[in-house]
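Predicted model, so just to flag it, every value in this text is computed and none were measured.
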Amino acid sequence: MRTLGHTFALFTLCVLHLPIMGLPPGGNAISDDPTSTASVVEALQNGKSDDALRMCNELLRESPKSPKIWTLRAVALDRSGRTQDALDSYQQALRIAPGYLAALEGAAQLEYKAKSKDAIPLLQRIVVAQPANQTAHAMLGALEYRQKDYAKAAADFDAAGDLVRSHPAALMDDSLCLIHLDRQAEAIQNLKELVQLAPENYDARYDLALVQSRASSAAAEALATLQPALDAHPPNARAMRLAAAIHESNNETPQAVELLRSAILANPDDIANYLDFATLAFTHGSFSVGVDIVSAGIARLPNAAPLYMARGVLYGQDGDLNKAIDDFEHAHRLDPVDSMAATAEGIAQSQHQNNRAALADFRRQVKEHPKDALAYYLLAEALSWAPSNSSGNASASLIEAIAMAGKAAALDSHLVQAWDLLASLELQAHQPLRAAKASRTAMALEPKDQQALYTLILALRKTGSRQELNSLVHELTELRKEEQIVNSQKNRYGQLVESP
């Protein structure tokens, strides 16, 4: 099926025959003379891009201010694979004639293919000139959706009319916009059309069932929507987890348990299956059963820190505090910065894959804003991603990270994230007393701060009283139990499959 960008490209040569809008006084007569460029168009139609480019260059020596020739040159360059040169040529045409539709469409097409937001103003100019241009509206809607401007995107998808319904990706984007705008009935209708258009699109089925399941009276309909994904070989794990959640919400726990067991058997390397089962065990107090299932996941995925955290909470709920702490410590060793999935909330985490660039940026921010606590915190967070020192001594990055986190906490003593990070870093540096002090400071600011509580437990295992340690483990497992249940429901009912 053709993409929107391909559909748009079909019009480029056609619109070259339209009148040139925006041509300044004194423009070249050749711009409006179709006979002077007929050979170029013929060469392009016959796939002779190099010949078309040569002819355009010759014509431009005589008529350098012809937007039509610059646009034909851009088409030839694009078909020769010289995308940036083609875009430059389109832009030159638009400098001469800002309203020249062929150049606007060609430039918009290239920017759209590159997923650049620079296509948006070009497309906006096109729809002003041609309000009925469905392709431009659909492309504009897709880009606005990526920018999370859902109201504008929905309006443009609506203006695109039936064209959206022939392009599954656009129909999915439109559906998600409507859901974000709380226009559920319209979204359901779109998703039903999408499922009919592509019955094996399990993402669309998931989203449709997700919206249907929000209405208590539509649980059966939601399960029917998911059934083909459940019957697939192998079955779709996300669909199985959602179906389990729907059954659980209807107090049909045995069906939920069976679906999650089947999801684990079908997809034994999917951590989410084990975590959902752990949540079910939390809810119904079946801690030992939950431990058995999560332990099976750990046997298969021994480096998955979230599984150790989940099992530690189950052990804590079941009263086995020693095993709970052992699992917490193991999770910390596997993922010392983010084992609670609550520490790294800053920008540094999102730039983990490009840490060198992130460090340079955050160092610059600190230099430019020496009194900004958040800047120091983000620099400390970025430094914390550096590999640990295998010798057991604190690395230079860790020492600097501790200093930067301490600076952030000094500048803003109420910045809980800075105290959390400082405590975690001190623990990595084998300074349990300092880690405990920072953790207690964070907990004084936020009594339910799980990250601080977690770090304090690890620090006190070597330095604190057994009675306090047991009390803290119990408190942490209770908080984690509550959070796991809330997060599980949020993941099931609050997340949609974002289209690529």
Side-chain angles (χ1 to χ4, degrees), residues 2-130 132-140 142-143:
R2 288 172 173 164
T3 65
L4 290 173
H6 182 78
T7 302
F8 208 10
L10 297 178
F11 296 106
T12 303
L13 290 178
C14 297
V15 297
L16 281 165
H17 299 291
L18 295 174
I20 301 173
M21 298 175 289
L23 185 64
N28 297 88
I30 195 172
S31 301
D32 292 316
D33 181 6
T35 60
S36 62
T37 53
S39 56
V40 178
V41 174
E42 183 180 359
L44 289 172
Q45 290 172 336
N46 292 329
K48 298 179 180 180
S49 302
D50 291 342
D51 289 346
L53 180 60
R54 176 182 52 78
M55 286 186 280
C56 285
N57 289 336
E58 291 175 356
L59 289 170
L60 284 172
R61 280 195 286 270
E62 299 176 12
S63 306
K65 293 185 179 181
S66 169
K68 183 174 184 179
I69 299 174
W70 280 108
T71 299
L72 285 167
R73 181 176 183 272
V75 174
L77 288 166
D78 182 31
R79 295 188 178 181
S80 299
R82 296 166 60 180
T83 305
Q84 185 56 51
D85 289 338
L87 188 56
D88 291 342
S89 195
Y90 280 130
Q91 290 170 344
Q92 178 60 28
L94 292 173
R95 280 191 285 271
I96 296 168
Y100 190 33
L101 191 59
L104 282 171
E105 291 195 342
Q109 179 204 355
L110 293 184
E111 296 284 18
Y112 181 86
K113 285 171 62 178
K115 298 183 179 179
S116 171
K117 63 181 181 181
D118 291 338
I120 292 177
L122 295 167
L123 290 164
Q124 287 172 336
R125 289 160 64 183
I126 293 171
V127 298
V128 168
Q130 290 187 324
N133 189 324
Q134 292 185 333
T135 304
H137 277 294
M139 293 169 71
L140 187 55
L143 291 170

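Arg125 is listed as a side-chain neighbour of Pro98, based on a closest heavy-atom distance under 4.5 Å. Looking at Tyr90 and Leu104, their side chains never come closer than 4.5 Å, going by heavy atoms from C-beta outward. Using a 4.5 Å heavy-atom threshold, the side chains of Ser66 and Leu59 count as separate. The shortest distance between side-chain heavy atoms of Glu42 and Met55 does not fall below 4.5 Å.
Residue Asp118 holds its CG atom at 12.0 Å from CG of Leu110, rounded to the nearest 0.5 Å. One distance of note links OG of Ser89 with CG of Leu60; it measures 7.0 Å at 0.5 Å rounding. Note that the CD1 atom of Ile96 and the CD atom of Gln91 stand 12.5 Å from one another [nearest 0.5 Å].
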Check your understanding: Thr83 and Lys113: side chain to side chain contact (heavy atoms under 4.5 Å, CB included), yes or no, with the steps?
Key -> CA-CA 10 Å; Thr83 305; Lys113 285 171 62 178; over 6 Å; no
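Minimum interatomic distance between Glu111 and Leu122 (heavy atoms only, all atoms of both residues): CG-CD1, 4.0 Å. The nearest pair of heavy atoms linking Leu143 to Ala119 is CD1-CB, 3.4 Å. The two residues Ala76 and Leu53 have their closest heavy-atom pair at CB-N, 3.9 Å. Closest of all the heavy-atom pairs between Tyr100 and Leu94 is O-CD2, 3.8 Å. Contact detail for Ser49 and Ser80: the closest heavy-atom pair is CB-OG, 3.5 Å. For the pair Ile126 and Ala136, the tightest heavy-atom approach, listed with the atom from each and the gap, is CG2-CB, 3.8 Å.
No side-chain N or O of Gln92 forms a donor-acceptor pair with one of Asp88 less than 3.5 Å apart. In the model, Glu105 has a side-chain atom that pairs as donor or acceptor with a side-chain atom of Asn133 under 3.5 Å.
Looking at Trp70, its side chain does come within 3.5 Å of a backbone N or O of Pro64 through a donor-acceptor pair.
Considering only residues two or more places apart in sequence or on other chains, Asp50 meets the side chain to side chain donor-acceptor pair (under 3.5 Å) condition with none of them. With sequence neighbours left out, Asn57 forms a side chain to side chain donor-acceptor pair (under 3.5 Å) with Arg73.
Salt bridge Asp51/Lys48: absent, no basic N to carboxylate O contact under 4.0 Å.
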